Amino acid sequence: MPLPPRPRSSPPQERSADANGRTSRQETRPSNVILLIPDGFGPASAALAREYLRHQGQASQLALDPFQVGSVRTRAADHRITDSAAAATAYATGTKTNNGHIATAPDGTTLPTLLETAQQRGMATGLVATSRITHATPAAFSAHTPARDREDVIARQQIEQDIDVMLGGGRRHFLPATHDEGGRKDKENLIEEARRRGYRIAQTASDLNGSGARPLLGLFSNDHMAYELDRANTAQPSLARMTDAALNLLSTREDGFFLMVEGSRIDHAAHDNDPATQLHETLAFDRAVRTVLNNTSSDTLVVAVADHETGGLTLGRTQDGQTASTWYPDVFDGVSASSSALFTVLSESRSPNHGTPFVHGIDEWIANATGLTDLTATETRSLADASHPRDVAALLNRRAQIGWTTNGHTATDVHLYARGPGAHCFLGHHDNTSVGTMLLDLLGPDHKVHPAPSPPYQTRA
Ligand SMILES: [Zn+2]
């Protein structure tokens, strides 16, 4: 059955009450929906990045700050602390599921996603991420499997989904194991398959130049894309550049578009308890947000929300028996590489094939990479003995007087932001599934298909 026509540019209407005083969201249908997901971004991540911008005199707030409308509870069906798969499934489908599940219910049933719903309405669709595009968050919008690590299966489903724009990392899941970069045991070459289906293929930032045409598959790295701090030595585009390219390609569709943009590696930096890398991942996400806000019209709903907090980041810590009355954003001024990249150099320097024991030049080297020119003997020794990127990051955390409680995720609530038609629906505190349900209601052909979320996880103005 054909879907009813949808007005494109009529102004959004206010909510109206029916005879029983209930309000309907049916009339505030946006022409386009953009969902921005900063993976692992908690309230302290926002405070850290904002305070750093202020310290640098660059800005007084993050791009999303004026649009903060509430907070979100993130738990999964089977754990109070969610993983990215269950969390993204909540946003993509409005359904609570178990950790590890990609757009499938706890019993394995396939759940229709926002992206599929948008396609049924004739909308163009796009996914942008800095992780492998087959990783949990983008996967939950474009594939169905109860096991998030089946990324070869996810890649095939994504190619068959006819998504208009897919940009991110993860070439290894699209190429056969016989290929230099490939990892697929089934010998399929999904990049060739994508070409056969009419996709334009991009592999470097410069491939995004020019107008081009849909559909576009951009796979810019074999694994995850480089951290923003380490990106200068690569040919990879920034998250903002990918977002801009996706908006250019999608906004020409008469029937509107759905786009999901993930700042994927805020989470990875937090798993390493690496504050400078998380800061720069957040700032890269912030630039992508500015790209979205500056290039979308008033008929576009923009919602931003993290899937969960990672690391238990806090600004201020007890150190050497002293409680802190400040923390020091200036510690990050001179950092020019991720702790992960620094640890790789340290590890290689300790290999038997390496000429000089690296520890003798460690002070000068760390000064170059971090701007810290006054290492104590204890700090030099701890770097020389580092057995994980976290041991390198620990130097920055102590200097900046900031702390982390875990190497994993936490159950901390996350900020919720919204702008555009229907944004008022997101006011208050929500369960993560309510966010997905409201997005489906706003975007879908018939809001009765997806019942409104129920209290107590929702506060309405
Ligand atoms: Zn996550």
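Along the sequence shown, residues are numbered consecutively beginning with 1. None of these values were measured; they are calculated from a predicted model. Values reported hereafter were calculated over all heavy atoms of this structure, with side chains retained and with hydrogens, waters and symmetry mates removed. Counting starts at 1 for both ligands and their atoms, in listed order.
Closest N/O/S atom of D307 to the Zn ion (ligand 1): OD2.
A side-chain donor-acceptor contact under 3.5 Å links D299 and S297. Side-chain contact, S84 with D307: a donor N or O sits under 3.5 Å from an acceptor N or O. Counting only N and O atoms by type, the side chains of N407 and H271 include no donor and acceptor under 3.5 Å apart.
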Please step through ring pair (Phe, Tyr, Trp, His ring centres under 6.0 Å) for the pair H101 and H144, ending with a clear verdict. CA-CA 8 Å; H101 282 235; H144 304 273; over 10 Å; no

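Under 2.8 Å from the Zn ion (ligand 1) lies an N/O/S atom of D39, whether from backbone or side chain. Between the Zn ion (ligand 1) and H308 there is an N/O/S contact shorter than 2.8 Å. Within the 2.8 Å limit, T82 places no N, O or S atom next to the Zn ion (ligand 1).
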